[in-house]
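Structure, as structure tokens:
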Amino acid sequence: MAKKSVHLPLELITEILLRLPVKTVLCCKCVCKSWLSLISDPDFGTSHFQLAASQPTHRLVSLKNYCFPLKTLSIDFDASLNDDSSYSSLLSLRFLHLRSFCEIVGSCRGFLLLTCDKDFYIWNPSTGVIKHIPVSVSPITMASNDNLYGFGYDPSIDDYLIVLGSFKHTNDPADSSIDLAIFSLRANQWKQIQSASHFPYWTIANAWLLLNEVIHWFCYNYETSRYAIIAFDFKETRMSEIALPDEFIFSVRNSFSINFDLSELGGLISAYNVENYRIEIWVMQEYKVHSSWTKTLNFSFHPALDFSPLCFTNCGDIVGTVRGGGLVKFNDKGQLLERHSYSNFCFKRSQMVVYRESLLSLPSGTGQALDDS
């Protein structure tokens, strides 16, 4: 008896594919030429990204230096840390040079911003799309080790933007300044922003936080002698200061801790401080409303862990690094849920970032897909 073939309308196939995870969709490109063409269409990637906005797949990626090719480990931190399927096989970065030392300095819409040999690379680890951006053509000169980095997206012009800042500190804080430049991916060029001749700040932590098309850094204000947040609005191309809660500043100032920074909790800005095996997390419930700062978490952990938070799961659990290079997961009551070590990986805050898997491509003509297999 002959088998009957079933032909589905292209519209129905498209709707099915749009609802599949990124990894599954990429495998579907091998089914036939028509599926390859459909999935490779930038409009499909945009529709897939928008449809998944209600339940996006976020992962934690760690970069391993001092090996060639450089590799990354991608971890689904919403799944069990002890589930082998929660982390992917190592992804190589063959597009980078031998003996290159790289850092992850940005994450936006599935793209990672890497610095390597004083150049930038925008990379989608899901699709392999990569764009090399030389910093040597920037209108400002990078300081040796005191720079400010930011990476974001402006939906009004469908453009990815990199902000680069170079601090100029003096003995007199009143004379401190910063030079700022922005790289537009669509224009494929750097543009200097008017330098801030009065910028009495010093960034003191590794984290940057991108929320609502604004990038945030934890900093110290020389003039007020207070810790604060500086925010850069990509649309308005200007800096502003966001005050931290007084109790949080008092806690940091009167401790010997160097483990404090910014994070994101449920789409909101949060600030944490870890000292004496205790963690405190404050959340700004309403953006730029100082009175909305609320202490949401406060618990102790075992001294042997030496815990440092990284991110929050969809359920509100906290994932972070521990002594020895592994990861742990706590619930909001401070109970240790899981602990897992990953062979040959030593996790560092500056080498880890949360990113959202996506099929997005860069604006037409601005990037190329490379084979990292």
Donor-acceptor pair, side chain of Asp41 and main chain of Asp43, under 3.5 angstrom:
yes
Distance col, row Phe234:CZ vs Asn212:CG, nearest 0.5 angstrom, shows 12.5 Å
Look at the side chain of Ser86 and the backbone N and O of Ser80, then say whether any donor-acceptor pair between them is shorter than 3.5 Å.
yes
Considering the options Phe260, Phe250, Trp202, which one meets the ring pair (Phe, Tyr, Trp, His ring centres under 6.0 Å) requirement together with Tyr227?
Phe260
Aromatic ring proximity, centroids under 6.0 angstrom, Phe151 and Phe111:
no
Working to the nearest 0.5 angstrom, can you tell me the gap between Tyr220 OH and Thr224 OG1?
7.0 Å
Closer than 3.5 angstrom, by distance alone: can the side chain of His216 be matched with the main-chain N or O of Leu209 as a donor-acceptor pair?
yes
Ion pair Asp246/Arg253, N-O distance below 4.0 Å:
no
Looking only at side chains, do Glu275 and Ser251 share a donor and an acceptor under 3.5 Å apart?
no
Describe, in one word, how the ring planes of Phe330 and Phe307 are oriented to each other, choosing from parallel (under 30°), tilted (30 to 60°) and perpendicular (over 60°).
perpendicular
Look up atom CD in Glu264 and atom NE2 in His58, then write down how far apart they are to the nearest 0.5 Å.
7.0 Å
Side-chain heavy atoms of Phe49 within contact of Leu359, under 4.5 Å
no
Side-chain heavy atoms of Ile269 within contact of Trp293, under 4.5 Å:
yes
When you measure from the side chain of Glu338 to the backbone of Leu81, do you find a donor-acceptor pair of N or O atoms at a distance under 3.5 Å?
yes
Find out whether Ser62 and Ile75 are in side-chain contact, i.e. whether some heavy atom of one side chain is under 4.5 Å from a heavy atom of the other.
no
Indicate whether any N or O donor in one side chain lies under 3.5 Å from an N or O acceptor in the other, for Ser358 and Arg109.
no
Say whether, by atom type as modelled, one donor and one acceptor occur between the side chain of Ser263 and the main chain of Ser270 under 3.5 angstrom.
no
Lys131 versus Asn188, side-chain donor and acceptor atoms under 3.5 Å
yes
Sub-3.5 Å donor-acceptor pair from the side chain of Thr294 to the main-chain atoms of Thr296, do we have one?
no
Donor + acceptor pair across side chains of Asp158, Tyr153 (<3.5 Å):
yes
Would you compute the distance between atom CD1 of Ile130 and atom CG of Leu362 and round it to the nearest 0.5 angstrom?
8.5 Å
Distance-only, no hydrogens or angles: does the Asp317 side chain make a donor-acceptor pair with backbone N or O of Lys329 under 3.5 Å?
no
Sidechain-backbone polar pair: Trp190 side chain, Val135 backbone, donor-acceptor under 3.5 Å
no
Determine whether the side chains of Ser126 and Tyr355 contain a donor N or O and an acceptor N or O closer than 3.5 Å.
no
Is the backbone N or O of Tyr149 less than 3.5 Å from a side-chain atom of Trp217, with the two atoms forming a donor-acceptor pair by type?
yes
Kindly say whether Asp159 contributes a backbone atom to a donor-acceptor pair with the side chain of Arg186 at under 3.5 angstrom?
no
Looking at side-chain heavy atoms only, is the closest gap between Ile318 and Tyr272 below 4.5 Å?
no
